[in-house]
Amino acid sequence: MQASLSLSVSNPAAIPRSSHGFESSIPFPSKPVNLRFCGLRREALGFSSASTYPLSTSRSSRSVARSNKVSASLGSANGSSSAPKSFDYDLIIIGAGVGGHGAALHAVEKGLKTAIVEGDVVGGTCVNRGCVPSKALLAVSGRMRELQNEHHLKALGLQVSAAGYDRQGVADHANNLAMKIRGNLTNSMKALGVDILTGFGAVLGPQKVKVGKDTVVTAKDIIIATGSVPFVPKGIEVDGKTVITSDHALKLEFVPDWIAIVGSGYIGLEFSDVYTALGSEVTFVEALDQLMPGFDPEIGKLAQRVLINPRKIDYHTGVFATKITPAKDGKPVTIELIDAKTKEPKETLEVDAALIATGRAPFTNGLGLENINVATQRGFIPVDERMRVIDSNGDLVPHLFCIGDANGKMMLAHAASAQGISVVEQLTGRDHVLNHLSIPAACFTHPEISMVGLTEPQAREKAELEGFEVAVAKTSFKANTKALAENEGEGLAKLIYRPDNGEILGVHIFGLHAADLIHEASNAIALGTRIQDLKLAVHAHPTLSEVLDELFKSAKVNAHVGRSPVAEPVAV
């Protein structure tokens with residue numbers, strides 16, 4: 001499962017505030033904030049990064065420089081503001097999710113003595129309550145769809161009797177996969193010498209971490225990687241049975257006849273795929289005027305035609321769910337809707353269950369941030385482009401970093417891991433700034449949706465601000481031999497680019513294995529590869545990768561533009 005994407009925006013008033021079916025009571029501050037919309041960032045809208053603090057390649061000079069930026073009033077366990085003179089570890093990571101795990105493994109590879117603190121279970125949200133178990137359920141839904149599609153099977157010359165499923169068996173598949181991956185992560189860290197410290201971690205002061213009730217450990221550097229939890233708006237009562245979050249839904253304790261899904265982003269779309277494949281009817285409740293608001297509009301329109309309209313799904317857009325009451329005493333779940341603009345009551349839905357898919361909130365409470373003069377912004381820990389934590393005075397906190405969902409830059413598991421690796425690179429003497437526009441995202445519906453970079457509206461806004469032209473190229477899966485052989489020709493790939501220099505601004509794919517195909521475009525953006533170079537690349541035939549081959553070849557780059565050197569990455 002993918003969490004909602006988040007990148008910094010300079011003018012939030014110009015952007016729709018919510019992609020979910022609820023009314024947000026969170027105020028928007030005057031300073032830039034982190035909104036959960038795909039691909040938006042300061043640079044994309046023509047603004048430079050707020051941080052101008054340089055990073056020295058020397059570890060000692062970097063530490064001194066950062067210390068000079070920080071106020072001296074930092075507390076510790078015994079009231080002293082001084083940092084320890086010797087350390088238990090080179091690096092302590094608070095949180096053993098995908099981000100913390102990736103940072104720990106890279107740190108050990110770089111020769112750092114490393115410990116990771118986990119108060120719950122290794123693997124975090126992704127492994128235990130997100131990406132991993134959701135993909136297990138989606139694997140089941142994909143096979144069910146194929147077995148139930150007589151027209152598809154008949155076209156392949158296949159005959160299959162009525163397909164069925166065992167709910168507990170499906171739930172066990174998801175749970176067993178999570179356990180296996182969790183064990184693999186734990187074993188990999190132990191094998192490499194990472195110390196796993198069990199207990200809730202909190203920052204006591206400079207380079208000091210409290211683990212559990214009594215243990216205090218010290219480290220040269222600390223990374224906060226505590227992730228996120230499901231966000232439940234006010235007015236919604238979650239009982240874990242009939243009104244649930246994604247955490248509950250992944251257990252698949254029952255399959256309701258009719259379920260309302262509040263929010264039509266990644267989480268909501270993926271669960272609609274699972275529930276409808278298992279026989280449920282679904283009703284979406286979406287605050288904005290269209291479904292799938294975080295996606296490129298053209299891709300979203302096609303996805304709705306394929307993923308929503310033919311299935312047992314209806315929807316209400318432009319409405320907030322102001323109150324949801326669980327089923328009780330034989331009464332159904334009730335959902336009170338109001339108009340998102342006028343706030344006038346609309347109607348009340350009565351369903352068997354409701355899934356709250358309204359995004360995720362950072363898990364940053366109780367981390368001892370007050371000890372280091374750090375205040376969260378809407379729950380997120382403020383960081384600069386190098387993931388260094390910023391205190392309430394706007395200064396850098398020495399030796400302290402925050403990665404993943406807790407900083408809100410891009411709420412994806414692989415983004416957290418990439419941020420963690422970037423931090424370790426800095427700690428071991430190599431300056432590294434992660435280009436968040438090169439990080440791909442995917443929605444694992446059937447067919448899949450994937451994207452990297454800017455949507456077309458975002459690209460055109462950037463072009464207007466900076467004064468360049470935007471062009472769009474498209475290719476259909478119907479022209480791909482492998483897709484046709486699979487009888488899966490429904491799909492579209494879209495390239496957004498600059499014809500003056502061949503720069504890729506964004507790529508969006510809807511179709512068979514779109515989540516795998518996006519990485520060619522992602523790597524091209526990361527490496528600064530231009531379209532004029534990609535046109536010369538060779539792809540095996542017949543493969544789905546030729547969708548991208550045709551896409552790049554169809555782009556019209558100005559004739560005078562030659563092959564370009566690798567561009568510098570752009571930081572968020």
Side-chain angles (χ1 to χ4, degrees), residues 1-2 4-5 37-39 131 135 138 142 145 264-266 269-270 273 291-308 410 412 414-415 436-459 470-497 502-527 529 531 534-535 537 539-555:
M1 183 186 301
Q2 302 289 340
S4 50
L5 292 172
F37 285 91
C38 172
C131 317
K135 298 308 152 304
L138 285 159
R145 290 193 182 285
S264 63
Y266 291 82
L269 276 177
E270 290 186 349
D273 196 290
L291 296 175
M292 297 173 276
F295 297 90
D296 180 87
E298 187 172 12
I299 294 294
K301 185 177 180 180
L302 175 60
Q304 180 174 334
R305 182 169 65 81
V306 177
L307 301 177
I308 305 294
M410 199 172 198
L412 297 169
H414 49 280
H436 284 76
L437 278 189
S438 71
I439 297 177
C443 184
F444 293 86
T445 47
H446 297 90
E448 296 171 345
I449 311 171
S450 64
M451 67 204 70
V452 66
L454 303 175
T455 64
E456 185 176 346
Q458 293 164 5
V470 169
V472 174
K474 304 172 195 175
T475 187
S476 172
F477 277 63
K478 291 183 173 67
N480 181 267
T481 302
K482 181 66 181 297
L484 294 177
E486 300 278 351
N487 198 27
E488 296 282 359
E490 192 72 73
L492 174 71
K494 178 176 180 179
L495 168 66
I496 305 159
Y497 66 101
E503 179 187 359
I504 299 173
L505 300 175
V507 174
H508 303 263
I509 307 173
F510 173 68
L512 185 65
H513 294 303
D516 299 309
L517 294 175
I518 196 64
H519 296 92
E520 182 173 354
S522 170
N523 290 335
I525 294 175
L527 297 173
T529 309
I531 295 170
L534 293 168
K535 285 175 177 283
H539 299 73
H541 175 78
T543 63
L544 291 172
S545 70
E546 290 175 293
V547 170
L548 274 297
D549 186 41
E550 292 297 327
L551 186 64
F552 295 134
K553 283 181 167 56
S554 65

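Computed over heavy atoms, backbone and side chain alike; hydrogens, waters and symmetry mates excluded.
- The two residues Met410 and Ala415 have their closest heavy-atom pair at O-CB, 3.6 Å.
- Between the Glu270 side chain and the Thr445 main chain, no donor and acceptor come within less than 3.5 Å of each other.
- Closest heavy-atom contact between Gly142 and His446: CA-NE2, 3.3 Å.
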- Message: Could you go through Lys482 and Glu488, starting from their C-alpha distance and side-chain angles, then the distance that decides it, and tell me whether this counts as salt bridge (charged side-chain N to carboxylate O under 4.0 Å, His left out)?
- Response: CA-CA 9 Å; Lys482 181 66 181 297; Glu488 296 282 359; over 6 Å; no
- Task: Given side-chain contact (heavy atoms from CB on, under 4.5 Å), test Ile509 with Leu492 step by step and report yes or no.
- Result: CA-CA 6 Å; Ile509 307 173; Leu492 174 71; over 6 Å; no
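- Distance CD1/Ile504 to OH/Tyr497: 11.0 Å, rounded to 0.5 Å.
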- Message: Assess the residue pair Phe295 and Tyr266 against the criterion (ring-ring contact (aromatic ring centres under 6.0 Å, His included)); give the C-alpha distance rounded to whole Å, side-chain angles, the decisive distance to 0.1 Å, and a yes or no.
- Response: CA-CA 9 Å; Phe295 297 90; Tyr266 291 82; 5.1 Å; yes
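- Side-chain atoms of Val452 and Ile439, non-hydrogen and from C-beta on, never get closer than 4.5 Å to each other.
- Atom-to-atom distance recorded for Leu138:CG and Cys131:SG is 11.0 Å, nearest 0.5 angstrom.
- At distances below 3.5 Å, not a single donor-acceptor pair connects side-chain atoms of Lys494 with backbone N or O atoms of Thr455.
- Checking each of Ile496, Ile449, Leu302 against Asp296 for a side-chain contact (heavy atoms from CB on, under 4.5 Å) leaves exactly one that passes, namely Ile496.
- Side-chain atoms of Ser554 come within 3.5 Å of backbone N or O of Glu550 as a donor-acceptor pair.
- Counting heavy atoms from C-beta outward, Glu546 and Pro542 have side chains that approach closer than 4.5 Å.
- Of all heavy-atom pairs spanning Leu551 and Ala473, the tightest one is CD1-O, 3.4 Å.
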- Using the side-chain contact (heavy atoms from CB on, under 4.5 Å) rule, take Phe510 and Val306 through it: C-alpha gap first, then chi angles, then the decisive distance, then the call. CA-CA 10 Å; Phe510 173 68; Val306 177; 3.7 Å; yes
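- Within the 3.5 Å criterion, the main-chain N or O of Met292 finds a donor-acceptor partner in the side chain of Ser264.
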- Query: Stepwise, does the side-chain contact (heavy atoms from CB on, under 4.5 Å) test hold for Met451 with Ile299?
  - Reply: CA-CA 10 Å; Met451 67 204 70; Ile299 294 294; over 6 Å; no
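- At least one side-chain heavy atom of Cys443 sits less than 4.5 Å from a side-chain heavy atom of Leu269.
- Between Pro440 and Ser450, every side-chain heavy-atom pair lies at or beyond the 4.5 Å cut-off.
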- Item | CA sep, side-chain torsions, deciding dist, call: Val472, Glu456, side-chain contact (heavy atoms from CB on, under 4.5 Å) | CA-CA 8 Å; Val472 174; Glu456 185 176 346; 3.8 Å; yes
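- In the displayed structure, Lys553 atom NZ is contacted under 6.0 Å by more than 12 heavy atoms of other residues, nucleotides or ligands.
- There is no side-chain donor-acceptor pair under 3.5 Å between Glu448 and His513.
- Side-chain contact between Asp516 and Leu544 is absent, with no heavy-atom pair separated by less than 4.5 Å.
- His414 contributes no side-chain N or O that, together with a main-chain N or O of Ala441, makes up a donor-acceptor pair within less than 3.5 Å.
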- Message: Pair Asp273, Arg145 - check salt bridge (charged side-chain N to carboxylate O under 4.0 Å, His left out), show working.
- Response: CA-CA 9 Å; Asp273 196 290; Arg145 290 193 182 285; 3.2 Å; yes
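- Summarising the geometry of Leu484 relative to Gly489, their closest heavy-atom pair is CD2-CA, 4.4 Å, with the distance given to 0.1 Å.
- Taking every heavy atom of both residues into account, Ala515 and Phe444 meet most closely at CB-CE2, 3.5 Å.
- Between Thr543 and Ser545, the closest heavy-atom pair is OG1-OG, 2.6 Å.
- Of the candidates Val547, Asp549, Thr475, Val547 is the only one forming a side-chain contact (heavy atoms from CB on, under 4.5 Å) with Asn480.
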- Decide yes or no on side chain to side chain donor-acceptor pair (under 3.5 Å) for Glu520 and His539, but give the supporting numbers first. CA-CA 11 Å; Glu520 182 173 354; His539 299 73; 2.8 Å; yes
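- At a threshold of 4.0 Å, the pair Lys478-Glu490 counts as salt-bridged, since one of the basic side-chain nitrogens sits closer than that to a carboxylate oxygen.
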